[in-house]
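Written out below as structure tokens is the structure these notes cover.
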2 protein chains.
Amino acid sequence: MPAHELGPRAREIAIEARALLNERGPEALTMRAVAERLGIQAPSLYKHFASKEALEGAVVTLALEDFAERFEAAAAAPKGDRLGALAHAYRAYAHAMPHEYQLVNDRPLPRDLLPEGLEARAAAPLLRAVGTLERARSAWAFAHGMVSLELNGRFPPDADLEAAWEDGIRALRRTPRRT
Amino acid sequence: MPAHELGPRAREIAIEARALLNERGPEALTMRAVAERLGIQAPSLYKHFASKEALEGAVVTLALEDFAERFEAAAAAPKGDRLGALAHAYRAYAHAMPHEYQLVNDRPLPRDLLPEGLEARAAAPLLRAVGTLERARSAWAFAHGMVSLELNGRFPPDADLEAAWEDGIRALRRTPRRT
DNA sequence: GTCTATAGTGGGATAGAC
DNA sequence: GTCTATCCCACTATAGAC
């Protein structure tokens, strides 16, 4: 069952699972722990989700919907530096919910468990801001790469990450050449 | 014990573990499976590595050494498009050994298990090619982001990834402004 | 350096009653 | 929708003999 067709109880479960993920990380996201958080027993969850994978799909859906809202808001607000605003929103989201970010972005998307159109909705603001598909993809790759390396502590502790972000954004802000 | 001080038998074990990782993925990298591949029992491995984590550290070391060699070779060869050559080598390495790439790059580095200087060695060719730390970091982020999104199937099946790579590289090739 | 035996942990999932 | 009881699996790791 796709996440957008969940019953009310299933939705509550997904919300708690998401909270658990964000508070304690992906390894803590077990059926047992989700159940405990809800004050029920683990087997009861299987009345609402066919498998752990299905529950994770619902969590990914909640996460993508939240991200899309923030990303759309960032695209709407500023007059001038739209790409910079999107980059800032992207980074802020990842830093606010690093575990969730990685669950959504560091592995294949469970597309069959997502509402139709959600993935495209999340991508749309960037595409509108940069104008071409190649640039949207290269800009997304830059942002995802920065976030991923940051979250995993791959840059030196004294690295000036603001400078790296600014450098990449400046390079990508120029109008891409038509091919 | 750091990976560069391994005994000969430990090194053999690490090499088999690496092969197992590359052939069957990170989930298949268990002490049992490594032992089976070597024709011995899992507990025997603990005479050579204190823990699974230590064995993984040795695998990461082998991987980084291999990557550094390829990256250095790519930096040495071409006269003209050095950044493009490095990007190509980076991508080719990731595509050749996707599981290994993710083990090394999609999580924190176990720095205490690595030979001194290896991390810096792997980064050096890019830094030399682009000249500034910010640009080295933003270019690395772009390459890592592209690879990560590619390996996880996050781009549409019909996406022109060559175009996205070329777009990003072109944007990042320009000399960064001095700050 | 390898073995056997085994401890200990934690997880996903099912059956069937209420 | 929740429960109890239970199964089955897989994994890391230790002890002690050879």
Side-chain angles (χ1 to χ4, degrees), chain A residues 1-3 5-61 99-100 102-103 106-108 110 112-113, chain B residues 1-3 5-61 99-100 102-103 106-108 110 112-113:
Chain A
M1 185 181 333
E5 294 173 13
L6 296 182
R9 185 53 170 154
R11 189 173 178 84
E12 287 172 15
I13 292 170
I15 288 170
E16 288 304 315
R18 184 189 177 200
L20 179 63
L21 167 69
N22 281 317
E23 290 169 21
R24 297 181 37 208
E27 316 226 306
L29 188 59
T30 68
M31 297 303 269
R32 283 164 154 75
V34 171
E36 188 183 7
R37 201 183 165 98
L38 287 153
I40 64 178
Q41 298 300 313
S44 304
L45 298 174
Y46 289 88
K47 296 291 184 185
H48 304 280
F49 293 95
S51 63
K52 188 193 179 187
E53 204 185 340
L55 173 53
E56 282 184 354
V59 171
V60 171
T61 298
H99 297 306
E100 176 171 306
Q102 303 200 57
L103 186 77
D106 275 355
R107 53 174 209 168
D112 50 324
L113 299 171
Chain B
M1 184 182 332
E5 294 174 13
L6 296 181
R9 185 53 170 154
R11 189 173 179 83
E12 286 173 15
I13 293 170
I15 288 169
E16 288 304 316
R18 185 189 178 199
L20 179 63
L21 166 70
N22 280 317
E23 289 169 22
R24 296 180 38 209
E27 316 226 306
L29 187 59
T30 68
M31 297 303 269
R32 284 169 178 0
V34 171
E36 188 184 7
R37 201 183 165 97
L38 287 153
I40 63 178
Q41 299 300 313
S44 305
L45 298 174
Y46 289 88
K47 297 290 184 188
H48 305 279
F49 293 95
S51 64
K52 188 194 178 184
E53 205 186 338
L55 174 53
E56 282 184 354
V59 171
V60 171
T61 297
H99 298 305
E100 176 172 306
Q102 302 200 55
L103 187 77
D106 275 355
R107 53 173 211 170
D112 50 325
L113 299 172

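Below, chain A is the first sequence line, B the second, and so on; all start at residue 1.
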[X] versus [Y], closest heavy-atom pair with distance:
X       : Y       : result
A/Leu20 : A/Ala28 : CD2-O, 3.5 Å
B/His99 : B/Pro26 : ND1-CD, 3.5 Å
A/Ala10 : A/Leu6  : CB-CB, 3.9 Å

Only counting residues at least two apart or in another chain, list the ones meeting side chain to side chain donor-acceptor pair (under 3.5 Å) with B/Asn22.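 For B/Asn22 the side chain to side chain donor-acceptor pair (under 3.5 Å) partners, ignoring immediate neighbours, are B/Glu100.
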Between [atom2] on [N] and [atom1] on [X], what's the gap in Å once rounded to a whole number?
X       : N      : atom1 : atom2 : answer
B/Leu45 : D/dT14 : CG    : C1'   : 14 Å
B/Glu36 : D/dC11 : CD    : P     : 10 Å
A/Met31 : C/dT14 : CE    : P     : 10 Å
A/Lys52 : D/dA10 : NZ    : C1'   : 14 Å
B/Glu27 : C/dG12 : CD    : C1'   : 14 Å
B/Glu56 : D/dC11 : CD    : P     : 13 Å
A/Leu29 : C/dG11 : CG    : P     : 11 Å
B/Phe49 : D/dC11 : CZ    : C1'   : 18 Å

Quick check on the helix from C/dG1-D/dC18 to C/dC18-D/dG1: what's the angle between its two end axes, five base pairs per end, to the nearest 10°?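 The end axes of the helix from C/dG1-D/dC18 to C/dC18-D/dG1 are about 10° apart, to the nearest 10°.
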My understanding is that only residues two or more places apart in sequence, or in another chain, count here; which of them pass side chain to side chain contact (heavy atoms under 4.5 Å, CB included) with B/Ile15?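 With sequence neighbours excluded, B/Ile15 shows a side chain to side chain contact (heavy atoms under 4.5 Å, CB included) to B/Arg11, B/Leu62, given in chain and number order.
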Taking side chain to side chain contact (heavy atoms under 4.5 Å, CB included) as the test, write out the residues that go with A/Arg9, two or more places apart.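 Once residues adjacent in sequence are excluded, the partners of A/Arg9 under the side chain to side chain contact (heavy atoms under 4.5 Å, CB included) criterion are A/Glu12, A/Ile13, A/Leu38, A/Ile40, A/His48.
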Does anything in residues 32-45 of chain B pair up under salt bridge (charged side-chain N to carboxylate O under 4.0 Å, His left out), and if so which pairs, sequence neighbours excluded?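 Sorted result for residues 32-45 of chain B: B/Glu16-B/Arg37, B/Glu23-B/Arg37.
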Do B/Val60 and B/Leu113 come within less than 4.5 Å of each other through their side chains, counting heavy atoms only?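 Side chain of B/Val60 against side chain of B/Leu113, heavy atoms only: no contact under 4.5 Å found.
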Using a cut-off of 4.0 Å between protein heavy atoms and nucleotide atoms, how would you tag nucleotides 1-7 of chain C 5' to 3' with B, S and -? SBBBB--
List the atom pairs, donor and acceptor, that lie under 3.5 Å between side-chain atoms in residues 49-58 of chain B and the rest of the protein, sequence neighbours left out.
from	atom 1	to	atom 2	distance (Å)
B/Ser51	OG	B/Glu53	N	3.4
B/Ser51	OG	B/Ala54	N	3.2
B/Lys52	NZ	B/Leu29	O	3.0
B/Glu56	OE1	B/Arg107	NH1	3.3
B/Glu56	OE1	B/Arg107	NH2	3.2

